[in-house]
Protein chains: 2
Amino acid sequence: MTTRVGIREVAKAAGVSVTTVSHALNDATSFRVKAATQQLVRDVARDLGYAPNKMASGLRNQRSQILGLVSDEITTTPFAGAMIRGAQDAAYDRGYVVMVVNSGLDSELENREINMLRQHQVDGVVYARMYHQSVQVPAELEGLPTVLLDAVTNDRSISSVIPDEVGAAETAVEAIIQAGHSRIGMINNMDDIPATHGRREGFLNALRRHGLKHDPRHFVIGQAGTPGGREAGLGLLCQPDRPTALFCFSDRVAMGVYQAATALGLRIPEDVSIVGIDNLEIIADALWPGLTTVALPHYEMGRWAVNRILDDIENPGVPAAQTQLDCPLIERGSLGPPPS
Amino acid sequence: MTTRVGIREVAKAAGVSVTTVSHALNDATSFRVKAATQQLVRDVARDLGYAPNKMASGLRNQRSQILGLVSDEITTTPFAGAMIRGAQDAAYDRGYVVMVVNSGLDSELENREINMLRQHQVDGVVYARMYHQSVQVPAELEGLPTVLLDAVTNDRSISSVIPDEVGAAETAVEAIIQAGHSRIGMINNMDDIPATHGRREGFLNALRRHGLKHDPRHFVIGQAGTPGGREAGLGLLCQPDRPTALFCFSDRVAMGVYQAATALGLRIPEDVSIVGIDNLEIIADALWPGLTTVALPHYEMGRWAVNRILDDIENPGVPAAQTQLDCPLIERGSLGPPPS
DNA sequence: TTCCCTTTGCAAAACGTTTTGTTTCTGGTA
DNA sequence: TACCAGAAACAAAACGTTTTGCAAAGGGAA
């Protein structure tokens with residue numbers, strides 16, 4: 001292993017002082033070095049394979065160029081991957097890098113991990129949740145630029161980015177209506193979280209906008225997972241005046257409805273159309289037929305959060321903002337015209 | 001925002017020199033400070049909320065306490081989350097923190113990202129793949145402690161950890177045999193990767209060990225995803241002497257077989273038993289009945305990789321090793337006795 | 001009391017950058 | 001020729017730690 005090449009080696013090789021090298025490489029500092037010299041230094045640096053030591057420069061400028069990303073639970077869904085990738089891509093574009101920590105539900109551990117991030121002098125922290133929810137940000141983050149990802153908090157002083165739940169549901173239900181349905185059911189989640197309320201509201205909005213009646217018997221509330229969807233689906237679809245289309249709280253719920261429909265001998269979408277939310281590809285692509293669904297913009301939220309935090313860092317004092325991102329419809333094959 | 005409290009503030013508050021503070025806090029350096037003083041210093045440090053600046057200490061000891069984790073694709077499956085969490089947990093336990101970068105399939109980008117990690121002086125790199133495969137490690141990693149995660153390379157000088165593919169398949173097929181089956185089929189993957197060959201070998205091993213004949217018509221090769229499984233499943237299950245149990249290359253393939261079985265009016269497990277590999281909970285838990293499968297130890301591989309790399313760092317010169325981790329059977333409901 | 005050893009604490013250097021004076025050089029003007 | 005302005009390069013300090021080499025203090029033995 002060759003000994004690391006530092007700025008002094010470059011200086012020596014180029015026959016100039018370290019100051020000149022520094023100026024030549026960070027051309028920011030207004031022209032204190034002749035263009036020719038600058039070029040020379042850069043060539044030498046490249047030839048030597050010089051790479052600046054960010055620990056040293058960070059120490060000097062009090063800026064680590066590192067961002068922290070703390071998340072609750074990252075193993076159960078692929079959403080975490082999308083968020084992390086979005087965050088990391090945005091960070092990379094602006095010369096930053098991301099440190100990921102995750103602590104499950106252990107807030108004691110979370111605090112210690114945030115403390116580690118602080119020790120590494122992270123310039124800011126993205127505080128992420130896997131499911132849109134309301135949180136209280138830990139006191140450990142006090143004084144650090146922070147952005148909430150897929151979460152909101154009472155304290156409006158912290159910027160946050162979340163999916164537009166209402167709009168997502170409206171998009172789904174609009175598509176169902178466009179396909180010609182008028183007897184539309186919904187299977188909602190029973191948890192008291194923003195997603196539950198937002199998607200219900202969007203569902204009702206879309207119906208109202210088209211003058212459709214909302215039949216309370218076609219609106220059921222169940223457990224959020226596949227078994228819950230199966231159960232709710234069985235209940236809904238065995239009714240004689242069953243809905244011709246079902247809007248599901250999530251793709252996993254929709255999978256349960258597929259199972260219910262199959263068990264009842266109903267074909268999708270000929271007998272019943274189904275639309276979900278999440279665009280959980282591993283499920284939506286695998287179902288048969290493919291599940292038409294509304295995508296949650298995890299990747300984009302990750303990007304947005306990092307960009308926002310870097311804006312905050314570079315340009316402090318801009319008031320915090322709560323942002324909602326659009327959720328596009330992803331068409332596969334589970335939405336068709338109603339049976340005649 | 002209060003001005004950061006450094007070691008000198010602690011020293012002043014405790015009425016000692018910075019040296020003493022340093023010694024008191026890092027008790028490693030053999031007793032140069034009286035026990036009482038040490039206690040005092042520690043109390044003061046805690047009261048002041050002192051947290052050492054790792055950029056400074058890292059610069060001084062040429063050790064950042066940061067590990068890099070570079071992965072190919074982290075958005076499609078939840079496996080990435082498990083690996084990252086395993087890596088991060090292990091790192092945390094030993095006072096390290098993980099920087100995640102991922103570059104999709106763009107090796108140019110990957111190189112630049114590795115270069116960024118180098119600039120941040122990472123002490124080592126975990127080079128991870130989402131699917132067990134053979135790779136060539138980029139030259140950029142030259143000279144950095146590196147461990148391969150879910151990947152192998154011709155160069156035996158780099159340690160790696162992978163799932164025991166052969167053992168995983170044996171576990172699955174043994175379970176099927178224990179349940180009483182003797183006409184057992186397999187749907188394998190068509191890609192030329194270690195997983196394909198290993199699982200085939202394990203399948204054959206288990207059959208041979210129990211003196212069972214291997215009927216070539218019951219061994220089919222298809223696309224790795226759910227559609228491939230569906231297709232292969234349809235072909236296998238409509239044969240008059242169809243197998244009574246099917247071992248699938250992956251849980252996604254198994255999901256396709258569920259669809260095929262349903263389409264053919266076969267019940268699981270009464271008419272046909274199914275076992276997968278992956279323990280992709282989002283699918284295995286959601287299928288109805290739940291899918292009995294063999295778990296790939298992503299979390300454990302993440303832990304193992306980090307621990308190995310930290311061992312290498314603390315104690316260089318230990319020869320590289322290729323490690324295989326066990327894959328436990330996860331029983332749900334898709335494996336039962338054969339139909340009588 | 002003196003000497004010497006042990007214990008405890010301190011000052012200073014080093015890690016690899018950036019940046020602020022300050023010096024040296026160049027060439028144009030008086 | 002002497003002087004000066006401006007351009008170019010440099011030396012040194014600083015960022016917050018750790019660690020080495022020394023000095024001071026304390027205590028036991030002679």
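Just so you know, these numbers use all the heavy atoms, side chains as well, and skip hydrogens, waters and symmetry mates. Computed from a predicted model, the values in this text were never measured in an experiment.
Between B:Leu25 atom CG and D:dG16 atom C1' the separation is 13 Å, expressed in whole Å. Between A:Leu59 atom CG and C:dT19 atom P the separation is 13 Å, expressed in whole Å. Distance CG (B:Asn61) to P (D:dG16): 16 Å, rounded to an integer number of Å. Regarding B:Gln62, its CD atom lies at a distance of 19 Å from the P atom of C:dA13, rounded to whole Å. Nucleotide C:dC15 holds its P atom 7 Å from the CZ atom of A:Arg8, rounded to whole Å. The CZ atom of A:Arg60 sits 7 Å away from the P atom of C:dT20 (whole-angstrom rounding). One atom, CE of A:Met55, and another, P of C:dT18, lie 14 Å apart when rounded to the nearest Å. Atom NE2 in B:His23 sits roughly 16 Å away from atom P in D:dC22 (whole-Å rounding).
The phosphate of C:dG16 has neither OP1 nor OP2 within less than 4.0 Å of any side-chain N or O from B:Gln121. Under 4.0 angstrom from either OP1 or OP2 of D:dT18 there lies at least one side-chain N or O belonging to B:Ser22. In terms of phosphate contacts, B:Thr20 brings a side-chain nitrogen or oxygen within less than 4.0 Å of OP1 or OP2 of C:dC10. For A:Ser57 and C:dT17, the shortest distance from a side-chain N or O to OP1 or OP2 is not below 4.0 Å. Taking 4.0 angstrom as the limit, B:Asn26 places a side-chain polar atom (N or O) nearer than this to OP1 or OP2 of D:dT18. Under 4.0 angstrom from either OP1 or OP2 of C:dG16 there lies no side-chain N or O belonging to A:Tyr50. Of the side-chain N and O atoms in A:Asn53, none sit less than 4.0 angstrom from OP1 or OP2 of C:dC15. At the phosphate of C:dT8, neither OP1 nor OP2 sits under 4.0 Å from any side-chain N or O atom of B:Thr37.
B:Asp89 and B:Tyr299 form a side-chain donor-acceptor contact under 3.5 Å, judged by distance and modelled atom types alone. Using modelled atom types, one finds no donor on one side chain facing an acceptor on the other under 3.5 Å when comparing A:Asp155 with A:Thr153.
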Between A:Thr20 and A:Ser17, is the side-chain hydrogen bond (donor to acceptor under 3.5 Å, both in side chains) condition met? List the steps. CA-CA 5 Å; A:Thr20 306; A:Ser17 76; 3.1 Å; yes

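As judged by a 4.0 angstrom heavy-atom cut-off over every strand, A:Thr19 is placed among the base-contacting residues.
Using a 4.0 Å cut-off between charged side-chain N and carboxylate O, A:Asp43 and A:Arg46 make a salt bridge.
Taking for each of A:Val18 and B:Gly15 the nucleotide of DNA chain C with the nearest heavy atom, the 5'-most of the two is the partner of B:Gly15.
Atom CZ of A:Arg156 has 12 or fewer neighbouring heavy atoms from other residues, nucleotides or ligands inside a 6.0 Å radius.
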